[in-house]
Amino acid sequence: QVQLVESGGGLAQPGGSLRLSCAASGFTFSMYAMSWARQAPGKGLEWVSGIKRDGSDTYYADSVKGRFTISRDNAKNTLYLQMNSLIPEDTALYFCAKAQRTYYSRSYLYTRLTEYDSWGQGTQVTVSS
């Protein structure tokens with residue numbers, strides 16, 4: 001019954017911005033850590049960013065640090081990814097994912113894709129001139 005539906009992808013120029021959303025249902029959203037991951041053409045899944053269940057801590061891959069911001073609105077059961085200063089290497093299918101656990105004592109666990117038990121269908125982001 002868990003559902004994760006991404007939206008907000010599209011075409012952007014280098015240096016541009018996009019805001020991705022993930023609408024969650026079928027579980028108590030506020031109790032779970034969440035992440036964004038992406039898959040570029042010909043490559044495997046890459047973890048992008050994670051967020052604690054109450055939004056108090058956030059984590060980023062080095063490739064997006066300083067450019068992307070993850071956030072959540074637990075009252076709306078929605079996860080967001082604000083993407084600024086986009087570069088062509090950001091081109092990928094972006095997925096939101098629900099963590100298996102409610103809490104992680106070690107932040108590196110956010111980066112392990114096997115820690116996520118539910119995934120959305122993805123939204124395409126293309127960065128090109």
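Position 1 is the first residue of the sequence, and the numbers go up from there.
- Under a cut-off of 6.0 angstrom, the local environment of CZ in R19 is crowded, with over 12 non-hydrogen atoms contributed by other residues, nucleotides or ligands.
- Between F68 and Y94, the ring planes lie tilted relative to each other; the angle falls in the 30° to 60° range.
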Handout entry: Worked verdict on D73 versus S71 for side chain to side chain contact (heavy atoms under 4.5 Å, CB included)
Key = CA-CA 7 Å; D73 187 337; S71 62; over 6 Å; no
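- Using a 4.5 Å cut-off on side-chain heavy atoms (C-beta onward), Q124 and T91 make contact.
- Looking at S35, its side chain does come within 3.5 Å of a backbone N or O of S49 through a donor-acceptor pair.
- Taken from OG1 in T58 to CZ in R72, the straight-line distance is 12.0 Å, to the nearest 0.5 Å.
- Contact of the L81 side chain with the R38 side chain is not registered, since no non-hydrogen atoms from C-beta on lie closer than 4.5 Å.
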Exercise for the section: Verify side chain to side chain contact (heavy atoms under 4.5 Å, CB included) between R67 and D90, making sure each step is shown before the conclusion. Expected result: CA-CA 11 Å; R67 300 188 298 117; D90 295 322; 2.7 Å; yes
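- Within the 4.5 Å cutoff, the side chain of Y103 has heavy atoms near those of the K52 side chain.
- Tracing side-chain contacts under 4.5 Å through hydrophobic residues (I, L, V, M, F, W, Y), one never reaches Y80 starting from Y60; they form parts of separate clusters.
- Atoms CZ and CG, from F95 and L113 in turn, are 11.0 Å apart once rounded to the nearest 0.5 Å.
- In this structure, the separation between CG on L86 and OG on S17 is 6.0 Å, given to the nearest 0.5 Å.
- Side-chain contact check for W36 versus E6: some heavy-atom pair is nearer than 4.5 Å.
- Under the 4.5 Å side-chain heavy-atom criterion for grouping Ile, Leu, Val, Met, Phe, Trp and Tyr, L79 is not connected to Y59 through any hydrophobic cluster.
- Within 6.0 Å of CD in Q3 there are 12 or fewer heavy atoms belonging to other residues, nucleotides or ligands.
- L20 is listed as a side-chain neighbour of V125, based on a closest heavy-atom distance under 4.5 Å.
- For the atom pair CG of L4 and OG of S118, the computed distance is 6.0 Å after rounding to the nearest 0.5 Å.
- Shown are Y110, Y104, W47; of these, the side-chain hydrogen bond (donor to acceptor under 3.5 Å, both in side chains) with E115 is made only by Y104.
- Counting only heavy atoms from C-beta outward, the side chains of T123 and S7 never approach each other to under 4.5 Å.
- Tracing side-chain contacts under 4.5 Å through hydrophobic residues (I, L, V, M, F, W, Y), one never reaches M34 starting from V5; they form parts of separate clusters.
- Side chain of N74 to main chain of R53: a donor-acceptor pair is present (N/O by atom type, distance under 3.5 Å, no hydrogens or angles).
- No single ILVMFWY cluster, assembled from side-chain heavy atoms under 4.5 Å apart, contains both Y116 and I51.
- Atom CD of Q13 sits in a sparse spot, with 12 or fewer heavy atoms from other residues, nucleotides or ligands closer than 6.0 Å.
- One hydrophobic cluster holds both M31 and I70 under the rule that ILVMFWY side chains link at heavy-atom gaps under 4.5 Å.
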